[in-house]
Amino acid sequence: MTTHAQELERYRAQTRKSYELYLRAEKVLPLGVSSNFRTFEPYPIYIERAQGSKMYDRDGTEYTDFSLCFGALMVGHSHPVMVEALSKAVSEGTLYGMPHDREVRGAELLSERFGVDQIRFTNSGSESTMHALRAARAFTGRDKVLKFEGGYHGGHDTVLVSVKPPGPKVGHPRHPKPLAVGHGIPDASISNTLVATFNDAKGVRDLLEAHENEVAAIILEPVMMNVGVMVPRDGFLQELRSLCDEFGCLLIFDEVKTGAKLAWGGAQEFFKVKADVVCLAKAIGGGLPLGAFGARREIMDEIASFRSFHAGTYASNPLATTACIVALDKILTKDVFPRTRALGDALAEGHNKIIKKHGLNACAVNVGSNGTVFWRKKPPTNYREWLDQDFDTFWRYWHMNLNRGVIPQAQCYDEQWTVSALHTEADVERMLSVFEEIAREIS
Ligand SMILES: Cc1ncc(COP(=O)(O)O)c(C=O)c1O
């Protein structure tokens with residue numbers, strides 16, 4: 001049996017070149033990384049290149065990659081069709097600051113797929129939710145926004161509330177206390193963000209009644225994917241739809257992680273619930289930095305009429321919109337989703353069999369191509385339940401996977417695996433055989 005300490009020793013021995021780069025990096029980059037989510041103990045692996053379902057680090061180790069940049073690379077790494085299109089596009093100019101045909105085609109594809117009249121491009125998921133919320137506030141003439149405890153919608157003040165609040169401070173489970181993520185978020189901003197419990201429609205109703213005519217929008221990840229993979233209970237999304245209609249607020253689906261991943265048309269298609277506003281990023285950019293938000297014309301008119309601000313130097317960048325067209329039109333086509341879903345189902349079933357065989361205090365859950373192992377017996381249904389699991393075992397599992405050439409999901413216990421268009425059954429088998437070894441050790 002290997003202990004976690006021994007696995008960490010093995011990790012250090014296998015990642016010497018990453019460590020050298022880390023020592024340089026931490027001098028010029030806080031934590032040695034460019035996004036806080038990328039760090040982990042004792043230091044991260046630094047990547048040299050990626051191809052298909054594989055990534056290679058500085059030490060030359062090959063990893064079967066189920067993180068895919070936090071699920072952004074649904075198209076897979078360097079898909080040949082993408083490489084060809086981008087190589088051509090790069091020679092035709094990388095930035096115009098003027099409109100062009102690719103943004104028009106990209107917008108047509110997105111509006112058809114996500115059932116919205118109009119979209120605006122952004123550069124990230126954070127920008128998408130920020131602009132969507134501003135448009136919702138302009139449209140309704142209301143300031144408050146309702147989000148769910150444990151939900152992540154990017155790095156701006158309105159939504160950096162109750163993302164991972166620490167256990168003892170979070171208030172009553174039916175009435176979570178809004179808590180800022182770190183310092184630097186003004187109290188005035190927090191007071192405009194109401195926080196409810198996922199899967200608790202009654203709690204949402206209570207808040208909407210207490211703040212009648214004040215709430216501009218409910219924003220949520222239809223499947224909470226910043227706490228693993230937390231699925232809405234049957235009817236919950238429909239109940240939110242009705243509550244929004246009753247109280248005159250907009251339903252915003254943050255589909256940054258579900259759009260063009262959960263199904264061809266994302267969570268709206270999967271759950272058959274229509275949102276008023278859809279926020280997108282990750283998969284729609286085909287690996288380039290691209291986001292978008294869209295809605296019916298009446299809401300997007302807030303922007304057309306200049307009542308609500310939206311602009312951006314890099315919005316609809318020609319390379320990113322080329323990647324978007326290729327991703328949507330050529331790679332993430334309707335026939336891909338049954339295949340990625342089947343591989344995702346096989347991963348979850350395979351994990352659950354191994355968990356049962358070794359009597360682990362864990363369970364695997366997936367929706368479509370996304371899944372995760374929770375280190376508790378039953379899948380959590382809200383943030384409080386999610387907090388109640390064995391995170392130490394996650395870290396042991398994480399390092400054991402890396403040491404054996406598998407990146408099982410994005411780094412940290414709140415993430416999930418993604419099966420891309422380029423993953424194969426062999427990749428699934430590889431992950432499961434490594435998990436079998438890990439489960440034996442952990443049990
Ligand atoms: C659901 C959700 N919304 C928004 C964001 C923010 O996206 P970005 O990191 O592109 O700003 C993320 C990032 O992971 C996300 O998962």
Side-chain angles (χ1 to χ4, degrees), residues 33-39 66-74 110 114 120-134 136 145-164 181-182 193 195 198 217-232 237 251-262 266-268 270-271 275 277-294 310 312 314-317 320 323-324 327 367-372 383 386 409-418:
V33 292
S34 295
S35 162
N36 273 14
F37 292 149
R38 290 183 204 160
T39 186
F66 286 95
S67 162
L68 297 161
C69 187
F70 296 82
L73 274 156
M74 187 65 189
L110 288 171
F114 296 102
R120 267 288 168 94
F121 284 107
T122 67
N123 305 291
S124 67
S126 298
E127 264 189 80
S128 298
T129 60
M130 180 180 77
H131 285 291
L133 285 167
R134 184 179 299 131
V145 164
L146 190 153
K147 78 177 281 289
F148 291 92
E149 197 173 46
Y152 178 65
H153 306 288
H156 54 98
D157 290 357
T158 300
V159 290
L160 274 181
V161 177
S162 297
V163 175
K164 293 276 173 340
V181 180
T193 304
V195 178
F198 193 64
I218 296 178
I219 185 166
L220 79 156
E221 301 171 69
V223 177
M224 297 263 275
M225 288 223 240
N226 285 277
V227 279
V229 172
M230 195 185 283
V231 269
L237 299 177
L251 182 61
I252 303 182
F253 273 6
D254 177 350
E255 294 232 39
V256 166
K257 277 197 167 178
T258 49
K261 280 178 79 191
L262 189 52
Q268 291 193 104
F270 192 86
F271 294 110
V277 185
V278 180
C279 301
L280 298 158
K282 296 201 194 281
I284 64 154
L288 270 78
L290 185 84
F293 62 101
H310 174 258
Y314 298 103
S316 84
N317 166 285
C324 173
V367 272
S369 60
N370 286 117
T372 194
Y383 175 71
W386 176 84
Q409 59 173 69
Q411 48 270 59
C412 202
Y413 41 73
D414 54 2
E415 285 292 332
Q416 60 288 131
W417 69 62
T418 296

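In each ligand, atom 1 is the first atom listed, and ligand 1 is the first ligand listed.
- Here the side chains of C279 and I252 are in contact, with some heavy-atom distance below 4.5 Å.
- Here the shortest heavy-atom distance to atom 16 (O) of ligand 1, taken over N226, D254, V256, belongs to N226.
- At the top of the distance list for atom 8 (P) of ligand 1, counting protein heavy atoms only, stands G125 N, 3.5 Å.
- Residue S124 touches ligand 1 through backbone and side chain together, judged by heavy-atom distances below 4.0 Å.
- You'll find the side chain of I284 reaches within 4.5 Å of the side chain of L290, heavy atoms only.
- Contacts with ligand 1 closer than 4.0 Å are made by backbone heavy atoms (N, CA, C, O) of H153 only, the side chain lying farther away.
- With a 4.0 Å cut-off on non-hydrogen atoms, F70 does not touch ligand 1 at all.
- Taking every non-hydrogen atom of Y152 and a distance limit under 4.0 Å, the qualifying atoms of ligand 1 come out as 1 (C), 2 (C), 3 (N), 5 (C), 12 (C), 13 (C), 14 (O), 15 (C).
- Residue K257 has at least one heavy-atom neighbour below 4.0 Å for each of these atoms of ligand 1: 16 (O).
- Of the options T129, T158, D254, a side chain to side chain donor-acceptor pair (under 3.5 Å) to H153 is made by D254 and by none of the others.
- Ring orientation note: the planes of H131 and F293 are close to parallel, at an angle under 30° on the 30°/60° scale.
- The nearest heavy-atom contact from the protein to atom 11 (O) of ligand 1 is S126 OG, 2.6 Å.
- The side chain of K282, and not its backbone, has at least one atom closer than 4.0 Å to an atom of ligand 1 (non-hydrogen atoms only; side chain from C-beta on).
- N370 is listed as a side-chain neighbour of K261, based on a closest heavy-atom distance under 4.5 Å.
- Taking every heavy atom of E221 and a limit of under 4.0 angstrom, the matching atoms of ligand 1 come to 1 (C).
- At least one side-chain heavy atom of H310 sits less than 4.5 Å from a side-chain heavy atom of T122.
- Between F37 and Y152, the ring center distance clears the sub-6.0 Å criterion.
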